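Quick caveat: nothing in here was measured; it's all calculated off a predicted structure. Chain letters run A, B, ... following the sequence lines, proteins first and then strands; every chain starts at 1.
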Amino acid sequence: DGGITQSPKYLFRKEGQNVTLSCEQNLNHDAMYWYRQDPGQGLRLIYYSQIVNDFQKGDIAEGYSVSREKKESFPLTVTSAQKNPTAFYLCASSKGLAGGRSYNEQFFGPGTRLTVL
Amino acid sequence: AQSVTQPDIHITVSEGASLELRCNYSYGATPYLFWYVQSPGQGLQLLLKYFSGDTLVQGIKGFEAEFKRSQSSFNLRKPSVHWSDAAEYFCAVGLPGGGGNKLTFGTGTQLKVEL
């Protein structure tokens, strides 16, 4: 079955540590995204990538980093510079904008809940 | 500033009753419009989308939504709610012209269904 996997489902971090959240998709999608979800605030975009080896900052990129070395993978690192990292993190993917399409819907993974101890 | 508003944080309905969840957006042009649903601790599932054409769109699980340009709204409806519909619902918009396929989400409406 095609889909998006995120691991781990739960992650605990000590203050001052960097942690990396995994996101893998087998949908052959060109674009991938990372969102942060906090209660009552909806989803906020952290980073997105429209193609391999390229990515852009979203609305709340400070304290986060990403890489896009493979089409299928878009890992997110939460660095020690992120002051309040406890949240639910969602990865998504979508088809690219080639072929004249002006938009494509996003498909979401099951999420990773990060807690800072 | 561009924004998406879901004015109802929580809604409670009885099973079998009708449902309408409100969504308003503030953009200079007609955006692409989406409704997603999220069960506790899970990812988001796409219910329906509006890109162009017929302003009444049908989605999965018996949901529909109507785009009203004059009111900048895209309200979600269901004629008869089932207990399994209890979840959080998010309205999202995408800017025309691509914008990198980015979505802006509302803050969500939590739906409770009373048996």
Side-chain angles (χ1 to χ4, degrees), chain A residues 3-7 9-10 23 25 27 29-51 54-61 87-115, chain B residues 1-10 21 23-25 27 29-53 57 59-60 65 67 74 87-110:
Chain A
I4 302 172
T5 57
Q6 292 186 243
S7 62
K9 186 173 179 63
Y10 299 96
C23 177
Q25 55 96 2
L27 300 168
H29 285 171
D30 289 312
M32 297 186 74
Y33 314 81
W34 274 106
Y35 293 91
R36 170 180 172 142
Q37 185 177 23
D38 297 281
Q41 295 195 46
L43 278 71
R44 293 180 290 169
L45 183 64
I46 304 173
Y47 268 98
Y48 64 104
S49 168
Q50 297 185 60
I51 197 168
D54 187 46
F55 49 83
Q56 288 77 41
K57 293 181 179 179
D59 301 319
I60 57 165
F88 191 52
Y89 291 86
L90 288 158
C91 178
S93 70
S94 69
K95 293 180 181 179
L97 297 176
R101 291 186 67 99
S102 56
Y103 222 95
N104 290 291
E105 60 266 37
Q106 295 181 18
F107 296 86
F108 285 80
T112 292
R113 185 166 298 281
L114 173 63
T115 302
Chain B
Q2 298 164 335
S3 65
V4 180
T5 302
Q6 293 181 247
D8 303 308
I9 299 174
H10 295 98
L21 302 182
C23 174
N24 293 94
Y25 63 89
Y27 284 93
T30 300
Y32 300 104
L33 299 159
F34 306 84
W35 275 99
Y36 285 87
V37 61
Q38 184 182 35
S39 298
Q42 303 296 317
L44 276 67
Q45 181 183 23
L46 180 68
L47 284 175
L48 46 77
K49 63 189 178 188
Y50 173 79
F51 284 3
S52 64
V57 294
I60 62 172
F67 167 57
F74 189 56
E88 190 157 22
Y89 292 80
F90 292 94
C91 180
V93 302
L95 292 178
N101 256 352
K102 292 189 294 181
L103 290 177
T104 298
F105 285 83
T107 52
T109 297
Q110 187 73 46

Colleague: Using a 4.5 Å cut-off on heavy atoms from C-beta on, say whether the side chain of A:L43 contacts that of B:T104.
Modeller: no
Colleague: Examine whether an atom of A:L90 lies under 4.5 Å from a heavy atom of chain B, and if so say whether it belongs to the side chain, the backbone or both; otherwise answer neither.
Modeller: side chain
Colleague: Any donor and acceptor pair, going by atom type alone, linking the side chain of B:Y36 with main-chain N or O of A:Q106 inside 3.5 Å?
Modeller: yes
Colleague: State which residues pass ring-ring contact (aromatic ring centres under 6.0 Å, His included) with B:F67; sequence neighbours excluded, sorted by chain then number.
Modeller: B:Y50
Colleague: Using heavy-atom distances under 4.5 Å, tell me whether A:Q37 contacts chain B through its side chain, its backbone, both, or neither.
Modeller: side chain
Colleague: Need one label for B:L46: side chain, backbone, both or neither, based on atoms under 4.5 Å from any heavy atom in chain A.
Modeller: side chain
Colleague: Please say whether more than 12 non-hydrogen atoms of neighbouring residues, nucleotides or ligands are located less than 6.0 Å from CD1 in A:I51.
Modeller: no
Colleague: Heavy-atom pairs under 4.5 Å with chain A: which of B:A92, B:G106, B:G41 has the most?
Modeller: B:G41
Colleague: Taking CD1 in B:I60 as the centre, count heavy atoms belonging to other residues, nucleotides or ligands within less than 6.0 Å. Is the count above 12?
Modeller: yes
Colleague: Taking the side chain as everything from C-beta on, heavy atoms only, tell me whether A:Y35 gets closer than 4.5 Å to B:L44.
Modeller: no
Colleague: State, yes or no, whether a side-chain contact exists between A:F108 and B:Q45 at a heavy-atom distance under 4.5 Å.
Modeller: no
Colleague: Among B:Q38, B:Q110, B:E88, which residue forms the greatest number of heavy-atom pairs with chain A at distances under 4.5 Å?
Modeller: B:Q38
Colleague: Shortest non-hydrogen contact from B:Q42 to A:F88?
Modeller: O-CE2, 3.5 Å
